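In the text below, chain A, chain B and the rest are named by the order of the sequence lines, each starting its count at 1. If you're wondering where the values come from, they're calculated on a predicted model, not measured in any experiment. When reading the values below, keep in mind they use all heavy atoms of this one structure, side chains included, and skip hydrogens, waters and symmetry mates.
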Amino acid sequence: MGENIFKKELDRETVFRDKDAISPHFIPKELPFREKQINEITKNLAPALKGKKPNNLFLYGKTGSGKTVVTKHVTGELMDYAKKNKEGVKCFYVNCRNHNSKYKVMIKAVKEAFPEENFLGYSAGFIHDKLIEFINEGKQLVMVLDEIDKVKDLDELIYSLSRSNDEVNKGGLSLIGISNNLMFKDRLDPRTKSSLCEEEMVFPPYNAEELRAILKQRVELAFKKGTVEETAINLTAAFAAQESGDARTAVMLLQRAGEFADSKGVSIVGEKEVEESKKKVEEEVIFNMISTLPEQQQLVLKAIADLSLHSKGIRRITGREEFGVLYSGEIYDRYKDFAKNYNLNVVSSRWYRQYINELEMYGLIVTTSSGKGIKGQTRLIKLGFDAKKISNAIEKELER
DNA sequence: CCTCCACAGGAAGCGCAGGAGT
DNA sequence: ACTCCTGCGCTTCCTGTGGAGG
């Protein structure tokens, strides 16, 4: 009673100083351990300032290895310089997850070139001509295509872009392609490949020590002084290093840990908060996995969860006693019951085995071949995560 | 040792949807 | 707009495998 709820919310104690600085989209001024990559990209793009077309560039590296952030940093600097010196250089960034076709990318490009005009609905030919017109004024256009593997007709896109360069006598168009999928290059037309990969660069994952330094830098920007314990940073770095050196998840983990501290009204972020936030992230990952699973696989998983909850639990396997181990056959029987209850069709046992294999690949279950003590040959199946949580998650999904 | 059990997983083929070709 | 093709999810059929039990 009394105090306004918004005032209360705003007055709330927080460990953050500038929360943006720990969001995954933030681009820090300093990018440690990426000097080499920054230099190379800079060297590659510099000719644009002298009116020469830079080489096309292909950047590869796992998620959270700094590809996007480094590229945005360098192109930002380039634009700064160009603006001050009135050079005819323009950079723009496209995430191909949202712009996943040649047409969409081209639209984005001309919109960038002529910001005051609207091009939606125009023919592909018109768009192409418009782009040529822009470059022909002697300008250099640098396109950054993030997640470039998501473009459906990439061969055509790259072909028509490189053809554009032949059609103009001044100016040029170059691109920086970014991907975390190295395999996708093999699916490309050889000409596309050689055009896109005039220069290539690999971004290695960060190790624990590097992650620690990155986190420290971000903590300084985003958190109030003394609110984050050293051990919390170390633990976060260790977690993220385990998970393939992804700096983005590291940053997210710490952000969440801070939010946890705030919501609990604690003024210091310690190991406990980091652990809690990791647990939460993991749960979300599991839930996301389950919700993208086909209905039938959800049923199989539910059968496994249900049996591990309600069976006697302990079984004697090769002398040892193990908890929550199930036979393939009993799971199939339970699955059939579930499917009938939900009025869904029942797949054959052969296909059920296929499901089991896939669930194992996703890491949701663990399987072993049966050994001594069990008649016949079967697979022993165990849930990879807490049965109750999985069971609840599937329950929610099935009541869609 | 042989047979049976309780499966594992390969091969072939079927029906269907959605994209390419014309 | 039409066919044709291809990939996908699935069933059917089949052979293989390691231990239990007589």
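At least one cation-pi condition fails for A:K108 and A:F92: the charged atom is not both under 6.0 angstrom from the six-membered ring centre and inside a 45 degree cone around its axis. Geometric assessment of A:R34 against the ring of A:Y206 yields a positive cation-pi assignment under the 6.0 Å and 45° thresholds.
Heavy atoms of other residues, nucleotides or ligands lying less than 6.0 angstrom from CZ of A:R163 number more than 12. Other residues, nucleotides and ligands contribute at most 12 non-hydrogen atoms within 6.0 Å of the OH atom of A:Y81. Annotation for A:E284: atom CD counts as buried by contact number, over 12 foreign heavy atoms lying within 6.0 Å.
Screening A:T68, A:N95, A:N180 for a side chain to side chain donor-acceptor pair (under 3.5 Å) involving A:D146 leaves a single residue, A:T68.
If you take CG of A:N357 and P of C:dC10, they are 14 Å apart, rounded to a whole angstrom. Atom OH of A:Y327 and atom C1' of B:dA8 are 17 Å apart (whole Å). Between the CD atom of A:E360 and the P atom of B:dG9 there is a distance of 9 Å, given to the nearest Å.
The aromatic ring centres of A:F223 and A:F16 sit less than 6.0 Å apart.
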Would you tabulate the nitrogen or oxygen pairs shorter than 3.5 Å linking the protein to nucleotides 19-22 of chain B?
none

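Remark: the backbone N or O of A:E87 is not paired with any side-chain donor or acceptor of A:N85 at under 3.5 angstrom.
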B/S/- contact track for nucleotides 11-22 of chain C, protein heavy atom under 4.0 Å: BB---BBBSS--
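Inspection of the A:E30 and A:Q217 side chains reveals no N or O donor paired with an N or O acceptor under 3.5 Å. Side-chain polar atoms of A:Y352 and A:Q296 form no donor-acceptor pair below 3.5 angstrom.
Between B:dG9 and A:R379, a contact under 4.0 Å exists linking OP1 or OP2 to a side-chain N or O.
When the local axes at the two ends of the helix from B:dC1-C:dG22 to B:dT22-C:dA1 are compared, using 5 base pairs at each end, they differ in direction by 10° after rounding to 10°.
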